[in-house]
Protein chains: 2
Amino acid sequence: MSTDPLSHTFAALSDPTRRAILARLALGETSVTELAQPFEMSMPAISKHLKVLERAGLIVRGRDAQWRPCRLKPQPLKDAAQWLEHYRRFWEQSFDRLEEYLRQMQAKERKDARKK
Amino acid sequence: MSTDPLSHTFAALSDPTRRAILARLALGETSVTELAQPFEMSMPAISKHLKVLERAGLIVRGRDAQWRPCRLKPQPLKDAAQWLEHYRRFWEQSFDRLEEYLRQMQAKERKDARKK
DNA sequence: CGGTTAAATAACTACCTAGTTAAATATGCC
DNA sequence: GGCATATTTAACTAGGTAGTTATTTAACCG
């Protein structure tokens, strides 16, 4: 996988278990065992998911006796959201006659340019 | 990788080449060769990236003689942005004394509960 | 038809991921 | 110290990803 922060963030978000873990952490800091509880998955598997989230900077882990409380760190989510914002105009655009027309004109121009 | 749409979307976005391809497509529909041009990478590599983007529903490919024009499809980006929106309050929250205080109270309560 | 261009596929390598079970580590409690 | 609990690490398997070069397919053009 690529080494830039955004790539790490999106990669971390590309797994439903990890997204569910983040959703749980949105309710507040908690232990690994409690995070693991909803999943039919071994503890080591959860531990690995947490490591991925930690490497992506999406969580931090503290120490409270033998517990390792996990806490959400939202900054990478903000950065990801900002990246997506650049494309907002595309999904807000009504895909109406004008847009389709412009697209086809563009394709036609390229075609004509090649024919010269 | 997981099979749900959101996982596919985030996985597709977790590569800088693919994000750059989407950025180029935001300027308008274009051919594979033109998409490949900015990258020091073989055509088959680009072709594979396009396949990933297509599987994620982020692009569609048409046919214009021997060209395969690619076009951005923004719906999955919208869905990803909406997922991230759920966490907006976390990055907008000022991480001030109150928030920190609440967090520590929460940790303390769990500790006390265990001691009973 | 033959040559050229655009793009995809095949076959391969190297590495990463997501899961498993078994063992190790860390800490609190008596 | 020794047991119990929480969590991580080790070692392994199966499958996916990102890239390569060589080959193949598709379409236009003369």
Side-chain angles (χ1 to χ4, degrees), chain A residues 1-4 7-21 25 29-56 58-71 107 110-116, chain B residues 1-4 7-21 25 29-56 58-71 107 110-116:
Chain A
M1 209 245 312
S2 301
T3 54
D4 65 288
S7 295
H8 271 115
T9 305
F10 284 130
L13 296 180
S14 73
D15 182 282
T17 302
R18 287 193 292 265
R19 291 197 304 276
I21 287 173
L25 290 177
E29 185 170 315
T30 191
S31 71
V32 178
T33 306
E34 194 179 326
L35 282 174
Q37 214 248 303
F39 304 103
E40 291 187 345
M41 203 178 286
S42 66
M43 286 295 292
I46 299 295
S47 197
K48 285 186 183 182
H49 281 305
L50 293 176
K51 192 171 281 181
V52 173
L53 291 169
E54 189 176 31
R55 256 201 310 157
L58 285 162
I59 65 169
V60 284
R61 284 189 274 189
R63 169 67 87 178
D64 172 14
Q66 63 268 61
W67 289 269
R68 304 294 314 269
C70 296
R71 184 156 46 99
R110 281 207 327 287
K111 210 167 194 166
D112 293 348
R114 286 202 304 274
K115 282 183 178 158
K116 277 192 189 127
Chain B
M1 208 245 314
S2 300
T3 53
D4 64 287
S7 295
H8 271 115
T9 305
F10 283 129
L13 295 179
S14 74
D15 182 283
T17 303
R18 286 194 291 264
R19 291 197 304 276
I21 287 172
L25 290 177
E29 184 170 315
T30 192
S31 71
V32 177
T33 305
E34 194 179 325
L35 283 173
Q37 214 250 304
F39 304 103
E40 292 188 342
M41 203 179 284
S42 64
M43 286 293 293
I46 300 295
S47 197
K48 285 186 182 182
H49 281 304
L50 292 176
K51 192 171 280 182
V52 173
L53 290 169
E54 190 176 30
R55 256 202 308 156
L58 285 162
I59 65 169
V60 284
R61 283 189 275 190
R63 170 66 87 176
D64 171 13
Q66 63 269 62
W67 290 269
R68 302 294 313 269
C70 296
R71 185 156 45 97
R110 282 208 326 289
K111 208 166 194 166
D112 293 347
R114 285 203 306 274
K115 282 183 177 156
K116 275 190 191 131

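In what follows, chains carry the letters A, B, and so on, assigned in the order in which the sequence lines appear, proteins first and then strands, with residues in each chain numbered from 1.
The separation between A/Q66 atom CD and D/dA6 atom C1' is 6 Å, rounded to whole Å. Atom NE2 of A/H49 and atom P of D/dT7 are 16 Å apart (whole Å). The CE-C1' distance, from A/M43 to D/dA10, rounds to 17 Å in whole Å. When rounded to the nearest whole Å, the span between CH2 of B/W67 and P of D/dA26 equals 17 Å. As rounded to whole Å, 11 Å separates atom C1' of D/dT8 from atom CG of A/L50. The distance from atom CG of B/L35 to atom P of C/dA7 is 9 Å, rounded to the nearest whole Å. Between the CD atom of B/Q37 and the P atom of C/dA7 there is a distance of 13 Å, rounded to whole Å. Atom CG in B/L53 sits roughly 12 Å away from atom P in C/dA8 (whole-Å rounding).
Note on B/S31: every side-chain N or O is 4.0 Å or more away from OP1 and OP2 of C/dA6. At C/dT20, one or more side-chain N or O atoms of A/S42 fall inside 4.0 Å of OP1 or OP2 (strictly under the cut-off). Of the side-chain N and O atoms in B/K51, one or more sit less than 4.0 angstrom from OP1 or OP2 of C/dT9.
Across the interface with DNA chain C, nearest-nucleotide mapping of B/R61 and A/V52 shows B/R61 to be the residue nearer the 5′ end. Positionally, the nearest nucleotide of DNA chain C for A/R18 lies more toward the 5' end than for the other of A/R63 and A/R18.
For A/R19 and B/D4, the salt-bridge test passes: some basic side-chain N is under 4.0 Å from an acidic carboxylate O.
Checked by atom type and distance alone, the side chain of B/R61 never pairs as donor or acceptor with a backbone atom of B/R68 at under 3.5 Å. Side-chain atoms of B/S47 do not come within 3.5 Å of backbone N or O of B/P44 as any donor-acceptor pair.
For the side-chain contact (heavy atoms from CB on, under 4.5 Å) with B/L53, the qualifying choice from B/T9, B/L58, B/V60 is B/L58, the only one to do so.
Annotation: the span from A/R18 atom CZ to A/L25 atom CG amounts to 13.5 Å, rounded to 0.5 Å.
Proximity note for B/V32 (side chain, C-beta onward) versus C/dG19, C/dA7, D/dA6: the nearest is C/dA7. Counting only heavy atoms from C-beta on, A/R68 has its side chain closest to D/dT7 among D/dG19, C/dT21, D/dT7. Of the candidates C/dG19, C/dT17, D/dT8, C/dT17 carries the atom nearest the A/R55 side chain, counting heavy atoms from C-beta on.
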